[in-house]
Every structure is written in structure tokens, then in C-alpha cells.
**Q** 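Have a look at the structure that comes next, please.
Note: hydrogens, waters and symmetry copies are ignored here, and every other heavy atom, side chains too, is used. Chain A is the first sequence line, chain B the second, and so forth, proteins listed ahead of strands; every chain is numbered from 1.
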There are 2 protein chains.
Amino acid sequence: MISKKTKYGLKALIYLARRYEQGPILIADLARDESIPKKFLENILLNLKNAGVLQSRKGRGGGYALGRPPEKITFGQAIRLMEGPLAPVPCVSEMAYARCTECGSELTCGIRLVMKDVRDEMARILDGTTLADVLVKIDGAEDRGRNLIDFCI
Amino acid sequence: MISKKTKYGLKALIYLARRYEQGPILIADLARDESIPKKFLENILLNLKNAGVLQSRKGRGGGYALGRPPEKITFGQAIRLMEGPLAPVPCVSEMAYARCTECGSELTCGIRLVMKDVRDEMARILDGTTLADVLVKIDGAEDRGRNLIDFCI
DNA sequence: ACTTTATTCAACTATTTCAGTCAACAAAAA
DNA sequence: TTTTTGTTGACTGAAATAGTTGAATAAAGT
């Protein structure tokens, strides 16, 4: 399960992607609209900014915005920043490999053999999904929801 | 990342699968061979026994064994028992569904739309891999390792 | 210059989970 | 009945999670 921090962060990124090129967005507005504790959100956005995913401006007219276009930010990047490596075990991580302590022969570890496949599939999906893709998915789901209602009427 | 508890538990299951039909295995032997803290391992095995995955016998000649054949125990089952649901968010879990608190419209949640795919792929792999499958994978990997050495010689 | 509006940053706290230990207890075989 | 072995619940220290508090800093408008 992903942490609340990660979930809040992803919600914020989607929110900012939807309003890309509308100028800076206030933390307060974001926190209110997505019901995220404001002070907690400050920490999260600051992290994402230091990682280069977001940019900010202080003072009147300031706020947060994406650091690059929604097509250039993937779920995989964002999740790794907030949640850590995607891999279920460190010895199959591509971005943050680490040897499993006390795991004799790495090539013949049964857990590793299975978890490698899991990691690769997760990476395929999450690194292949940008914020722009998610906006399209959401719009599609909303349309399907509307059609269902129209059909009922 | 999976917890040590889960990793130890999976190692123990693979160990017991390898020695299936060799009679009960002592916790002490398992702990020694896989370098798992014995007392911690007791907790883990007890959990798996209460869930029906393992069986045990007390007294001399006792020990732990799989509760059913290795072809009938999947990685998915074991991981769910020790680590909890596979799903990254509760609202896409098939075995332990829960509504995301304060997540307005479930059908149009961007996070949910992506995480559904992740969960389904994880479930496909982990529920489709039995302990028997893992033994075969390990043997295959060992053979490949041996051939590599032969080739070098 | 001064105030308002915002982000930034460090530090602090409460709750929960993780990882592991301890010691008493129960059962079965020798 | 004694020894061997598993069973169980309670306990502990460390780390992660989920925040909160309060002050510093920067930019814009007056």
C-alpha cells in the first residue's frame, strides 16, 4: 500500500497538471479542493520542488506549478521520489539496487526470480504513464460515466 | 518493499516445499540454514499455520511442514497473509476492498485508474506462481549457472 | 519603506508498524 | 515422568508515518 504522503502528492500533481499554464496555484487552494492537510502538503510539494518536478514562486501572485509539461512527468518518477524504489526487494531494483543482506546466491534466489517479474511489470506501467495520460484517462472515465447516465435517462 | 517478515516467510515456504514429504522440519534447522532469527521465525510460521498454509506436530519427531502440496500454495496467498493486500490502494483491492476515505468519485480517480492496472498485473504474476513453480525456476537458474561455469572452463 | 501574501525550513510530537526477544506453557514421545 | 519440541502472549527498542508549530524569507503592491 502506498502512503498517504504519496497519495496526496499524486493528487496534487494531477491537480497541477489539469491547471498547467494557468499560472501558479496556491497551496491553500490545492489543500482545500483535494482535502489535504495544508501543512503536510507544504512538506510534500517542497520535496517535489527540490527534486525538480515542481517549481514555485513566493509572494503575491505566487504558488506552485509543474516544473515541466505533464507529458514529461511520469507516475513512476513521482512515486519513486515519495515512496522510494518500486521494486519489492532491493536486489531487483534498477534505480536503487542493493544486495540483499544474507541472501547467499543472488542468481538462484526464488524470491528474486519472481519479484524481478513483478518489478518489471510495475515499472512498465508506472514509467509508461505520464500526468497527461492520466488526464486523458480521467476524461474518458468521466465521459463513460456521463453516457451511462444519459443512457438511463 | 516487502518486510523482512514476508521475506523470511517466503524463504521458509520455499525451504519446506523443497523438503515436502520428508516429514516435519525443525524450526531450529530452518532458522539456521536460512539465517533467520529463530524466535521471529516462530511467530511467522505460527501465523502461516493458523492460516492453514502450514501444519505442525509437537514433541520429538515434530516440526513444521506444508499444509498442502507445493502446487497448491501461491506466492500471492503467502504474501497477502504476511504483508496484507497486494493492491497499492485499498479501492482497487479484490480480496480486501475498502473505499478510499475522502476520494470523491471513485470511477474518475486518476490514481485509481492507474493503480488498478498495477494491481491486476501483480495479482496475475503472484497468484499464478506456486511454490512448485518457484522450485522449477530455481533449478533452471542453477542449471544455467552451472552451464556458464562449464562454458568458462 | 512597509505591509500583505506566499513559500521555506527546522524542529517537534503522536501513533503505528517493524523486528525481534522473553518467559511461561502445552503436548507428545521415549 | 522427563525430555524434547512447539505454542502463545506479552514485551521492547527503533524506525517510519502522519502530521503540527512557529519562525524565516521572498516578492509584490501600496
**Q** Whole angstrom is fine here: how far is it from CE in A:M1 over to P in D:dT17?
**A**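 That distance rounds to 15 Å.
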**Q** What is the distance, to the nearest angstrom, from the CD1 atom on A:I25 to the P atom on C:dT5?
**A**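 These atoms are roughly 18 Å apart.
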**Q** Could you see if A:V134 belongs to whatever hydrophobic cluster contains A:I2? Use Ile, Leu, Val, Met, Phe, Trp, Tyr and a side-chain cutoff under 4.5 Å.
**A**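 Yes, one cluster joins them.
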**Q** Does B:I27 reach a base, just sugar-phosphate, or nothing at all? Heavy atoms under 4.0 Å.
**A**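 Result for B:I27 = sugar-phosphate.
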**Q** Taking 4.0 Å as the cut-off, does a side-chain nitrogen or oxygen of A:R57 come that near to OP1 or OP2 on C:dT5?
**A**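 For C:dT5, OP1/OP2 do not have a side-chain N/O of A:R57 under 4.0 Å.
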**Q** Would you say B:E34 and B:L41 make side-chain contact, with heavy atoms under 4.5 Å?
**A**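 Contact flag for B:E34/B:L41 side chains = no.
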**Q** Strictly below 4.0 Å: does A:S56 bring a side-chain N or O up to OP1 or OP2 of C:dA6?
**A**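 False: A:S56 side-chain N/O out of range (4.0 Å or more) of C:dA6 OP1/OP2.
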**Q** Do A:F75 and A:I14 have side chains that get closer than 4.5 Å, going by heavy atoms?
**A**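 Yes, at least one pair of side-chain atoms sits under 4.5 Å.
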**Q** Decide whether B:F40 and B:L26 are clustered together by the hydrophobic rule: side chain heavy atoms of Ile, Leu, Val, Met, Phe, Trp, Tyr closer than 4.5 Å, transitively.
**A**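 No, separate clusters.
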**Q** So what does A:L26 hit on the nucleic acid, given a heavy-atom distance under 4.0 Å: a base, only sugar-phosphate, or nothing?
**A**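 The answer is sugar-phosphate, as A:L26 gets under 4.0 Å only of primed atoms, P, OP1 or OP2.
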**Q** Could you tell me the separation between the CG atom of B:L54 and the P atom of D:dT7, rounded to a whole number of Å?
**A**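 About 10 Å, once rounded to whole Å.
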**Q** Quick one: which of D:dG29, D:dG6, C:dC9 gets closest to the side chain of A:R60?
**A**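 Looking only at side-chain atoms, A:R60 lies closest to D:dG29.
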**Q** Minimum heavy-atom separation for A:Y20 and A:P70, please, with both atom names.
**A**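 Minimum heavy-atom contact is CD2-CD, 3.5 Å.
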**Q** Between A:D120 and A:K116, is a salt bridge (Lys or Arg N to Asp or Glu O under 4.0 Å) present by the stated rule, with each step listed?
**A** CA-CA 6 Å; A:D120 288 346; A:K116 180 93 176 69; 3.1 Å; yes
**Q** What is the distance, to the nearest angstrom, from the CG atom on B:N50 to the C1' atom on D:dG9?
**A**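 B:N50 atom CG is separated from D:dG9 atom C1' by 13 Å.
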**Q** Closest approach to the side chain of A:K58, judged atom by atom: which nucleotide of C:dA30, D:dA26, D:dG6 is it?
**A**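 Within the option list, the nearest is D:dA26.
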**Q** I need the CG-C1' distance between A:L46 and D:dA26, as an integer number of Å.
**A**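 Rounded to the whole Å, the gap is 14 Å.
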**Q** Scan nucleotides 14-25 of chain C nucleotide by nucleotide, 5' to 3', and note B when protein non-hydrogen atoms come under 4.0 Å of the base, S if they reach only the sugar-phosphate, - if neither.
**A** -----SBBBB--
**Q** Is any side-chain heavy atom of B:D139 closer than 4.5 Å to one of B:R18?
**A**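 A side-chain contact under 4.5 Å exists here.
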**Q** Could you state the CG-P distance from A:N47 to C:dT7, rounded to the nearest angstrom?
**A**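 Interatomic distance, CG of A:N47 to P of C:dT7: 16 Å.
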